[in-house]
Amino acid sequence: MRNAEIASVLNELADLMELHGEDRYRIARYRNAAASVEHYTEPVEDLAREGRLQEIRGVGESIGGKIAQYLETGRISALDALRRKISPAAVTLMNLPGIGPKRALLFTERLNVKTIADLERAIESGEVAALPRVGEKTAAHILEEIRRLRGRSARLPRGVARSVAEEVVRELKRCKAVRQCTPAGSLRRMKESVGDIDILVSSAEPGAVMDAFVRLPSIREVLAAGETRASVVTHADVQVDLRVVSPASYGAALQYFTGSKAHNVKLRTIASGMGYKLNEYGVWEGDRRIAGRTEEGVYRALGLTWQPPEVREDTGEVELAIKGRTPSIVALDDIHGDLHAHTRLSDGADTVEEMVHAATRAGYAYLAITDHSQALGVARGLTEDELRAEHALIRRLNETAKGVRVLCGVEVDIRVNRKLDCSDAFLSECDVVVASIHSAFQRGRAEQTARLVAAIEHPGVDIIGHPTGRMLGKRLGYEIDLGAVLDAAARTGTALEVSAQPERLDLNDDAIRAAVARGVMLAINTDAHHRDQLALMRFGVATARRGWAPRQLVLNTKSRDQIVRWLRERRARARVSVA
DNA sequence: GCCGTTTTCGGCCCGACTGTTTTCAGTCG
């Protein structure tokens with residue numbers, strides 16, 4: 001799959017076009033197409049082979065032709081021509097904060113800057129500050145940004161971002177001038193990682209809020225601070241942007257700062273088509289504000305139904321909103337249980353009883369205990385006899401327990417040789433079987449795909465755990481042919497997990513969308529290793545919502561009776577195959 | 001360059017902040 005590579009080439013083309021001073025709408029088309037390609041779940045090279053490139057949103061004849069040329073020859077003649085005219089160094093510089101196309105060209109052409117290190121030297125020598133329309137402060141600011149960027153990882157995992165945001169919101173709410181206060185931006189859209197944190201406040205006294213904000217104890221540095229907007233960096237090196245509006249504009253500002261940008265552009269186009277103007281202060285008919293206090297009101301004024309933040313990525317939700325609909329997607333309240341959890345018998349921290357107690361408090365109807373099978377030595381994997389002893393304990397618990405039904409399970413290892421780490425007979429005795437890959441991540445795509453497909457087709461397996469094995473910010477996961485894996489899951493009815501662990505979120509949103517398109521069953525599980533981790537469910541649900549997963553395709557939205565029946569039918573098949 | 005509640009051609013979102021200016025260009029979101 002070369003989608004990321006193709007997207008990056010299209011983005012470079014857009015950057016060069018911008019430097020070259022081309023029409024901004026044309027440039028926007030290239031960036032738009034790059035984003036579509038990046039999130040496309042099928043390999044774009046397959047579409048190219050079948051002459052179907054124009055099925056990608058935002059790809060027409062011209063961009064489609066360039067993609068085809070790139071895939072055939074490894075080059076794009078238009079890109080080569082631009083590269084001859086404009087130094088590639090300008091592209092590098094333009095992607096630094098504080099530098100846009102104008103300054104990038106100024107630095108490369110007037111000062112012959114080729115690298116970021118060159119630029120640092122030019123700033124230190126005073127050459128940059130001497131350029132027209134630059135000056136001391138701008139030069140110093142750019143230098144600061146370069147140094148700050150060097151010590152920082154690009155994006156924050158959402159779990160970390162969430163806690164930073166909650167801390168800032170808690171501190172801000174102590175200020176009396178603050179009326180409403182909430183995180184917006186990609187954090188509110190529940191993206192798996194965020195670039196910076198956006199906080200929105202409504203207040204009748206913006207000045208007082210701004211004063212309080214830039215003095216918060218968690219803040220290390222103020223990057224910019226105006227009357228209604230400020231950017232700061234926390235001690236944890238996270239950028240936080242604050243925006244203050246009046247209560248009458250809160251809904252419009254919330255809509256605006258939640259984004260995504262593409263979603264907003266669509267809404268503004270609709271507004272202008274109706275003779276209105278949409279900005280962060282409201283929906284305007286002339287200078288009369290006809291909506292703005294609530295987000296719902298803003299959508300309503302534009303003749304649209306409100307859309308959940310998770311789907312606001314301009315991937316079809318605006319078109320639904322026009323028709324008066326919202327995507328039918330799973331919600332946290334729909335979840336009735338968790339089908340993947342560990343205890344201290346393998347690598348968890350708590351006992352079966354403690355996990356069950358936590359599930360009861362969560363209001364669940366069922367909880368599957370799925371400790372590791374023996375191959376996973378690092379996780380103190382259990383032998384079949386040890387697992388049987390655990391299952392006996394669980395059955396005794398079920399006899400006396402009211403409320404939560406505990407399911408006897410296992411997380412069985414998928415070995416390198418495609419075999420499972422437990423006997424077929426043992427698997428057929430379990431209530432539920434999760435099969436996962438925990439070893440040999442470096443095998444090639446064909447081999448990993450075959451490994452997963454073998455597990456999916458195994459009659460004793462109900463769910464594939466964390467199907468791609470990725471760890472956000474740590475490793476990419478093993479390479480698989482996602483289409484082939486999804487097809488196998490659709491064919492056999494085996495569910496694929498959406499791991500709610502914030503560093504996994506695996507499957508991710510794009511893959512979920514592709515799974516949903518094929519009718520693949522999903523299971524949103526926490527893979528809890530501690531009783532408190534059952535609460536991670538909301539991250540998994542948020543990811544499933546971003547992937548437009550409907551309740552009907554999420555296994556653990558079933559009631560206790562339904563899940564028992566579903567699993568029993570699969571068990572029956574497993575036993576037939578053993579016999 | 002793409003695309004359609006208008007539109008197969010003519011549109012294509014809008015405002016805040018900074019710094020260098022002295023009325024606004026550049027950048028960002």
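Chain identifiers are assigned alphabetically (A, B, ...) following the order of the sequence lines, protein sequences preceding nucleic acid strands; residue numbering begins at 1 within each chain. If you're wondering where the values come from, they're calculated on a predicted model, not measured in any experiment.
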**Student:** Between B:dA16 and A:Tyr281, is there an OP1 or OP2 to side-chain N/O distance shorter than 4.0 Å?
**Tutor:** yes
**Student:** Please tell me which of the listed nucleotides, B:dC14, B:dT27, B:dC2, lies nearest to the side chain of A:Arg103?
**Tutor:** B:dT27
**Student:** When the P atoms of B:dC12 and B:dT6 are compared, how many Å lie between them, rounded to an integer?
**Tutor:** 16 Å
**Student:** Consider the side chain of A:Lys137, meaning its heavy atoms from C-beta on, and name the nucleotide among B:dT27, B:dG19, B:dA16 that approaches it most closely.
**Tutor:** B:dG19
**Student:** With the side chain of A:Glu280 defined as its heavy atoms from C-beta on, choose the nearest nucleotide among B:dT27, B:dT20, B:dA16.
**Tutor:**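 Minimum distance to the A:Glu280 side chain belongs to B:dA16.
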**Student:** With respect to the phosphate group of B:dG1, does any side-chain polar atom (N or O) of A:Arg26 fall under 4.0 Å of OP1 or OP2?
**Tutor:**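 Indeed, a polar side-chain atom of A:Arg26 lies that close.
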**Student:** Between B:dT20, B:dG1, B:dC13, which nucleotide has the shortest distance from any of its atoms to the side chain of A:Asp23?
**Tutor:**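 Comparing B:dT20, B:dG1, B:dC13 against the side chain of A:Asp23, the answer is B:dG1.
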**Student:** Select one nucleotide: of B:dG29, B:dT18, B:dT27, the one nearest the side-chain heavy atoms of A:Ala224.
**Tutor:**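 Ranking B:dG29, B:dT18, B:dT27 by closest atom to the A:Ala224 side chain puts B:dT18 first.
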**Student:** For the side chain of A:Lys66, starting at C-beta, report the closest nucleotide among B:dG29, B:dC13, B:dG1.
**Tutor:** B:dG1
**Student:** Among B:dC13, B:dA16, B:dG1, find the nucleotide with the atom closest to the side chain of A:Arg29.
**Tutor:** B:dG1
**Student:** Against A:His39, only a single residue in A:Thr315, A:Asp509, A:Asp510 fulfils side chain to side chain contact (heavy atoms under 4.5 Å, CB included); can you say which?
**Tutor:** A:Asp510
**Student:** What's the gap between B:dG10 and B:dA16 when it is taken at their P atoms, as a whole Å value?
**Tutor:**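 Roughly 33 Å separates the two P atoms.
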**Student:** From the set B:dG19, B:dC12, B:dA16, return the single nucleotide nearest to any side-chain atom of A:Arg133.
**Tutor:** B:dG19
**Student:** Quick one: the side chain of A:Tyr25 and the base of B:dG10, do they pair up donor-acceptor inside 3.5 Å?
**Tutor:**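 Between B:dG10 and A:Tyr25, which were checked side chain against base, a qualifying N/O pair under 3.5 Å is absent.
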**Student:** Could you work out the separation of B:dG1 and B:dT5 based on their C1' atoms and round it to a whole Å?
**Tutor:** 23 Å
**Student:** Classify A:Lys266 by what it touches in the nucleic acid, base, sugar-phosphate, or nothing, heavy-atom distance under 4.0 Å.
**Tutor:**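 Answer is nothing: A:Lys266 stays at 4.0 Å or more from every strand.
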**Student:** Applying side chain to side chain contact (heavy atoms under 4.5 Å, CB included) between A:Glu18 and each of A:Val91, A:Ile27, A:Ile86, A:Leu13, report the one that passes.
**Tutor:** A:Ile27
**Student:** Suppose we call a contact any N or O donor and acceptor under 3.5 Å apart; does that hold for the side chain of A:Arg268 and the base of B:dC13?
**Tutor:**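 Side chain to base: pair present.
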**Student:** Where the side chain of A:Arg229 is defined as all heavy atoms beyond and including C-beta, which of B:dG1, B:dC17, B:dC14 is the nearest nucleotide?
**Tutor:** B:dC17
**Student:** Send over the distance from A:Phe107 CZ to B:dT27 P, rounded to a whole Å.
**Tutor:** 8 Å
**Student:** If I take atom CG in residue A:Leu16 and atom P in nucleotide B:dG1, what distance separates them, rounded to the nearest angstrom?
**Tutor:** 15 Å
**Student:** Of the nucleotides B:dA25, B:dG1, B:dT27, which has the atom closest to the A:Lys102 side chain?
**Tutor:** B:dT27
**Student:** Once you apply the 3.5 Å cut-off to both distances, tell me the Watson-Crick or G-U wobble partner of B:dC9, or none.
**Tutor:** B:dG4
